[in-house]
> 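Got a structure here, written out as structure tokens. Questions coming.
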Amino acid sequence: MVKIEKEVAMKYTYCNPLAIPEIPRGKDEWYRYERGMFSHENKPETVEIPEYRSISDPTVFYWEGKWYLYPSYGMAWVSEDFYNWKHIKTEPYCPKYSPCITPWKGKFLLTSWFCPLYVGDSPVGPFVELGEFVDLNGQLFTPCDPAIFTDDDGRIYLYAYDFDEENQIHKIIGYELDSENPCQVVRGPSLIVEMDPERKPWERHGLHGQNIRSGWVEGPHLLKHDGRYYMIYAAPDTCDASYCMAVYYSDEDPLTGFVCQKKNPLTFHREGIISGAGHGCVEHGPNGSLWAFYTIACPYVHQYERRIGMDLVAVDENGELYCPHGVTDTPQFIPGYLEDPVHGRNDAGCVSLTGAVRPIASSYSEGRDAVYATDENNLSFWLPKEEDSQKSLECDLTGEFEVSACRIFWRELGLDYERGIVPAPVQYLVEGYRGGEWFLLLDMSENDVEKNIDYQVFETKTCSKVRLKIVGQGDGLKIGVIDFAVFGKMPAKNKNDFTEKGNTYDE
């Protein structure tokens, strides 16, 4: 049994929703005004809607030891350690929805929602337009919710959402592209997935799948693993907490022989902070691991307000994909940290100690009580009064616990990009209490990194209470707290070490 310092182990964790800096401005109401991808941020005068931020529909590309994240609304984000993400504004910057990328002859092909095909010399561009796609009849088209995939033999495939208007059926279709001229279709369209809500409950509309005759399929992504082709797709609606990802697979060809796997859906979580786990991808990671990246619904300001999460994927004895630890909302070990995260525990053994605790707040605005900061609901939030000069939130843990990390999900009110009221770093402190004394757990009073969701690990200390203090925020903004989660566990009996046995962490 190998002893591991608890702080060392926690250092290699992440927590959903992912703590991605500089989440972009929501632009859903003016995407229709743009052809292709675009780089400006100007809202058309005809659009009247409150400001919000959103990030969703991720394609994740693991390339030469780095993770490249391409979401809707802006791109790209790059990470080597999976704890720190760097925002690199590509040219063009905004892909509207569902960007996707694939290597091609030493370069990288990129396309997106109703966009032409682009090419760049690196995974972050700059990208230049190659042109619109051309079908077998010589007609130009731009795909909805595209996915692009390069097979081991260099052949290239395009997948997209399609709609049979006559029969009111949503579908996923696929094409083969010319490997020398990838704008040109040489085979297809081929039917990959056809909506069937009567037989597939995860495709049904409604929070509880109650509408057995109505559904939606979208967001394709093609994964090849151990010679099998997996089509990952999303259903039934990005606004719903029942949003999920499911899988078809084929042992024949990237365009034929696809069957619905029995273990569906792949990702599903309709309660709590991680509400919905839809439109995304599954990507290879270190040590042959597989990881699902997905969209989380949090439609408070706008129906398409969303965030991103990720979880471990495995392959069962029948070659079907599944999430061995489910969709998670507690600290998990990052890709590559454990040799075998599938058969051991991939969580760090911590839970939220503040969930459902009734906090004491320094103040609260009408209808925005302190309890909304710990009710584990991403549509509610605590908002202190503007005149409160010492904004704070205190939680009694009803016992002594070893506290190691926290996740804060901020709510920003008053955003106005045209007037320069934009997202800004929040400065804050997290304190612990034990034996009649308050002490510092985390000092973010000089924080200069803007994160709408901030996950931080700190030195483990035993606490019976915890307190959040907001000490600084952006000018013109009202800052509330959607969720204040402090993670930890009961102190171990008769030992102080965090111990490892294989991949399990003993209490």
Side-chain angles (χ1 to χ4, degrees), residues 4-19 83 267-275 277 296 307 309-312 323-334 337-338 341 344-359 370-378 380 382 393-409 430-434 441-442 453-468 481-493 495-501 503-507:
I4 299 178
E5 291 295 331
K6 193 173 301 183
E7 288 75 24
V8 174
M10 289 297 296
K11 177 183 176 182
Y12 297 98
T13 61
Y14 74 93
C15 190
N16 291 318
L18 295 181
Y83 188 80
T267 55
F268 181 83
H269 198 276
R270 67 183 179 195
E271 299 173 346
I273 296 299
I274 315 304
S275 176
I296 297 167
R307 298 297 185 265
M310 62 154 300
D311 275 295
L312 183 69
C323 289
H325 310 302
V327 170
T328 67
D329 58 3
T330 58
Q332 305 290 307
F333 289 110
I334 62 173
Y337 180 69
L338 298 179
R345 281 171 55 177
N346 196 54
D347 70 88
C350 297
V351 299
S352 173
L353 305 175
T354 50
V357 169
R358 297 188 65 85
V371 71
Y372 294 131
T374 55
D375 65 349
E376 297 188 344
N377 184 329
N378 64 26
S380 63
W382 164 63
L393 198 67
E394 179 183 317
C395 296
D396 188 335
L397 305 183
T398 65
E400 291 193 346
F401 293 85
E402 292 181 342
V403 174
S404 302
C406 68
R407 179 197 61 208
I408 305 173
F409 193 168
V430 178
E431 298 175 326
Y433 176 91
R434 186 190 186 198
L441 294 173
L442 177 67
I453 301 166
D454 199 1
Y455 173 68
Q456 297 287 339
V457 173
F458 42 78
E459 180 183 352
T460 300
K461 293 185 178 179
T462 301
C463 307
S464 59
K465 298 179 183 180
V466 291
R467 182 166 63 191
L468 169 67
V481 176
I482 295 172
D483 188 65
F484 174 48
V486 173
F487 297 102
K489 60 182 181 178
M490 275 284 186
K493 292 181 179 180
K495 58 179 180 179
N496 297 316
D497 295 309
F498 200 42
T499 59
E500 179 185 22
K501 184 178 182 181
N503 286 337
T504 63
Y505 292 79
D506 296 336
E507 299 287 313

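Not measured: the values here are computed from a predicted model. Note that these values count all heavy atoms, side chains included, but never hydrogens, waters or copies made by symmetry.
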> Which pair of heavy atoms, one from Cys15 and one from Asp329, lies closest together, and at what distance?
SG-O, 3.8 Å

> When rounded to the nearest 0.5 angstrom, what is the spacing between CZ in Phe409 and CD1 in Ile482?
4.0 Å

> Drop me the distance from Tyr12's OH to Leu338's CG, to the nearest 0.5 angstrom.
12.0 Å

> Do the side chains of His325 and Asp347 get nearer than 4.5 Å, heavy atoms only?
no

> Could you pull out all residues at least two apart from Asp375 that satisfy side-chain hydrogen bond (donor to acceptor under 3.5 Å, both in side chains)?
Ser380

> Determine whether Thr13 and Val457 make a side-chain contact, defined as any pair of heavy atoms from C-beta on separated by less than 4.5 Å.
yes

> Testing the basics here: between Pro324 and Leu312, what is the closest heavy-atom pair and its distance to 0.1 Å?
CD-O, 3.4 Å

> Using a 3.5 Å distance criterion without hydrogens, assess whether the side chain of Ser352 forms a donor-acceptor pair with backbone atoms of Ala485.
no

> Hey, could you give me the CG/CD1 distance between Leu18 and Ile296, rounded to the nearest 0.5 Å?
7.0 Å

> Any side-chain to backbone donor/acceptor pair from His269 onto Glu271? Under 3.5 Å, distance only.
yes

> When rounded to the nearest 0.5 angstrom, what is the spacing between CZ in Arg345 and CD in Gln332?
9.5 Å

> With side chain to side chain contact (heavy atoms under 4.5 Å, CB included) as the test, would you mind laying out the steps for Lys489 and Val351 before giving the verdict?
CA-CA 7 Å; Lys489 60 182 181 178; Val351 299; 5.9 Å; no

> Output all residues satisfying salt bridge (Lys or Arg N to Asp or Glu O under 4.0 Å) with Glu431, sequence neighbours left out; order by chain, then residue number.
Arg467, Lys469

> What heavy-atom pair brings Cys395 and Val357 nearest, and what distance separates the two atoms?
CB-CG1, 3.8 Å

> Specify the closest pair of heavy atoms between Phe401 and Pro491, including all atoms of both residues, with the distance to one decimal.
CA-CD, 4.1 Å

> Can you check whether Val430 reaches Gln456 side chain to side chain, under 4.5 Å on heavy atoms?
no

> What is the distance from atom NZ of Lys461 to atom CG of Leu442, rounded to the nearest 0.5 Å?
10.5 Å

> For Thr460 and Ser404, work out which heavy atoms get closest and say how close.
OG1-OG, 2.9 Å

> If every non-hydrogen atom of Trp382 is compared with every non-hydrogen atom of Ala373, which pair is closest and at what distance?
CB-CB, 3.8 Å

> Who passes side-chain hydrogen bond (donor to acceptor under 3.5 Å, both in side chains) against Asn16, sequence neighbours left out?
Tyr294, Asp311, Thr328

> Can you find a pair of side-chain heavy atoms, one from Ser464 and one from Leu397, that are under 4.5 Å apart?
no

> Can you name the salt bridge (Lys or Arg N to Asp or Glu O under 4.0 Å) partners of Arg434, sequence neighbours left out?
Glu400

> State the CG-CE distance between Leu353 and Met490, to the nearest 0.5 angstrom.
9.0 Å

> When you look at CZ of Phe268, are more than 12 heavy atoms from neighbouring residues, nucleotides or ligands closer to it than 6.0 Å?
yes

> With sequence neighbours left out, what residues match Thr374 under side-chain hydrogen bond (donor to acceptor under 3.5 Å, both in side chains)?
none

> Tyr14: which residues meet the side-chain hydrogen bond (donor to acceptor under 3.5 Å, both in side chains) condition with it, sequence neighbours left out?
none

